[in-house]
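Every value quoted in this text rests on a predicted model; they were computed, and no experiment measured them.
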Amino acid sequence: MNKQLEKMKQNQECERRRRIAEEKHKEWVQKKREEERKERKRKLSKEMMEKVTRELEKMQLQEKADIKYKEWLKKKRAEEAEKKKKQKEKEKEREAELLEKRMRSEKIFKEWLQNSRNKPQPALNGYGFPHGKSTGLY
C-alpha cells in the first residue's frame, strides 16, 4: 500500500511537473511569438520610415533638379536674346554702312556727272575722218 501510495505520489508529482513544464513551454512560445511579432512590426515600421525618407529625398532631389533646369533654361534664353540683339545691332550697322556707301557712291557719281558736263567734248572729226570714222576709199 505504501508502495502504491508512493507510486501515486510520484505519478502525481511527475504529472504536476509535466503540466508546469507544458505551461512554461506555452508561456515561452507565446512570449517568443510576441517578441517576433513586435520585431516584425518594428522592422516594418523601420522599412516604412526608410521608404518615406527615400521618397522625400527623391522629391527634394527632383525639386533641386527642376530648379537647376529652370535656371539653366532662363540663362539659355537670356543668352539667345542677347545673341539676337547683337545680330540685330550688327545688321543695323551693316545696313548703315551700306547706306553710307551708297550715299557716298551717289555723291561721287553726281560729282563725276557734274564734272563730265563741264569737260570739253573731244573733237568729232579727228584725223580728217568725218565723225571719227573712215567713210570709204579715197
Side-chain angles (χ1 to χ4, degrees):
M1 195 96 162
N2 279 341
K3 280 186 179 181
Q4 282 181 346
L5 195 60
E6 189 74 30
K7 198 172 186 179
M8 250 171 85
K9 279 186 180 182
Q10 281 180 354
N11 283 344
Q12 285 177 351
E13 184 66 27
C14 191
E15 185 68 28
R16 187 180 67 81
R17 284 182 183 170
R18 189 181 58 79
R19 275 186 276 144
I20 290 173
E22 283 180 4
E23 286 178 15
K24 283 186 178 183
H25 182 262
K26 283 181 182 178
E27 287 176 9
W28 180 83
V29 167
Q30 189 176 6
K31 190 176 181 182
K32 193 71 171 171
R33 286 181 183 160
E34 187 67 25
E35 286 177 3
E36 287 176 354
R37 187 182 64 80
K38 284 181 180 179
E39 184 67 24
R40 280 194 306 264
K41 192 174 181 181
R42 189 184 61 78
K43 280 185 178 180
L44 185 65
S45 176
K46 186 178 178 182
E47 287 177 4
M48 291 296 288
M49 286 295 291
E50 287 175 355
K51 187 177 180 181
V52 168
T53 305
R54 282 194 305 268
E55 288 293 322
L56 187 61
E57 287 174 357
K58 194 175 181 181
M59 285 174 54
Q60 288 175 345
L61 195 63
Q62 185 66 34
E63 285 178 14
K64 283 182 181 179
D66 287 343
I67 290 170
K68 285 195 175 198
Y69 173 73
K70 286 178 182 176
E71 287 175 358
W72 175 82
L73 190 62
K74 188 177 179 182
K75 184 179 175 183
K76 202 68 170 171
R77 285 182 179 161
E79 287 176 0
E80 286 292 322
E82 187 68 29
K83 191 175 178 183
K84 284 183 181 180
K85 187 178 177 182
K86 285 183 180 179
Q87 281 182 338
K88 283 185 179 180
E89 286 177 6
K90 280 187 177 181
E91 188 67 28
K92 282 184 181 180
E93 284 180 19
R94 193 173 65 80
E95 286 179 9
E97 286 176 5
L98 284 174
L99 183 65
E100 185 181 334
K101 190 175 181 182
R102 189 177 298 128
M103 290 177 72
R104 195 170 45 230
S105 296
E106 285 179 11
K107 183 181 176 187
I108 292 172
F109 175 73
K110 285 180 182 176
E111 286 177 6
W112 174 82
L113 192 62
Q114 193 71 27
N115 288 339
S116 69
R117 286 183 188 157
N118 296 339
K119 279 187 179 177
Q121 293 285 330
L124 291 177
N125 296 328
Y127 304 105
F129 299 109
H131 304 295
K133 298 179 184 173
S134 110
T135 55
L137 294 174
Y138 290 105

Within the structure provided, determine whether Trp72 and Lys76 are in side-chain contact (heavy-atom separation under 4.5 Å).
yes
Considering only NZ, NE, NH1 and NH2 on the basic side and carboxylate oxygens on the acidic side, decide whether Lys75 and Glu71 come within less than 4.0 Å.
no
Are more than 12 heavy atoms from other residues, nucleotides or ligands located less than 6.0 Å from atom CD of Glu36?
yes
Got a second to check how far His25's NE2 is from Lys32's NZ, nearest 0.5 Å?
11.5 Å
Evaluate salt bridge (charged side-chain N to carboxylate O under 4.0 Å, His left out) for Glu34 paired with Arg37, printing each intermediate quantity in order.
CA-CA 5 Å; Glu34 187 67 25; Arg37 187 182 64 80; 2.3 Å; yes
Drop me the distance from Arg19's CZ to Lys26's NZ, to the nearest 0.5 angstrom.
11.5 Å
Would you call Arg18 and Glu22 a salt bridge, taking side-chain N to carboxylate O under 4.0 Å as the test?
yes
I'd like to check the salt bridge (Lys or Arg N to Asp or Glu O under 4.0 Å) partners of Arg102; sequence neighbours left out, ordered by chain and number.
none
Drop me the distance from Gln62's CD to Lys58's NZ, to the nearest 0.5 angstrom.
8.5 Å
Using a strict cut-off of less than 4.0 Å between a Lys/Arg side-chain nitrogen and an Asp/Glu carboxylate oxygen, indicate whether Lys90 and Glu93 qualify as a salt bridge.
no
The reported gap from CD in Glu35 to NZ in Lys38 (rounded to nearest 0.5 angstrom) is 8.0 Å
Would you tabulate the side-chain donor-acceptor contacts of residues 42-57 under 3.5 Å, counting partners in other chains and residues two or more places apart, or write 'none'?
unit_1	atom_1	unit_2	atom_2	d
Arg42	NH2	Glu39	OE1	3.4
Arg42	NH2	Glu39	OE2	2.4
Thr53	OG1	Met49	O	2.7

Of Glu89, Arg94, Lys88, the residue whose pairing with Glu91 passes side chain to side chain contact (heavy atoms under 4.5 Å, CB included):
Arg94
From Lys31 atom NZ to Glu27 atom CD, the distance as rounded to the nearest 0.5 Å:
9.0 Å
Separation between CE of Met8 and CD of Glu15, rounded to the nearest 0.5 Å:
12.5 Å
Contacts of type salt bridge (Lys or Arg N to Asp or Glu O under 4.0 Å), residue Arg33, not counting sequence neighbours:
none
Electrostatic pair Glu13:Arg17 at N-O distance under 4.0 angstrom
yes
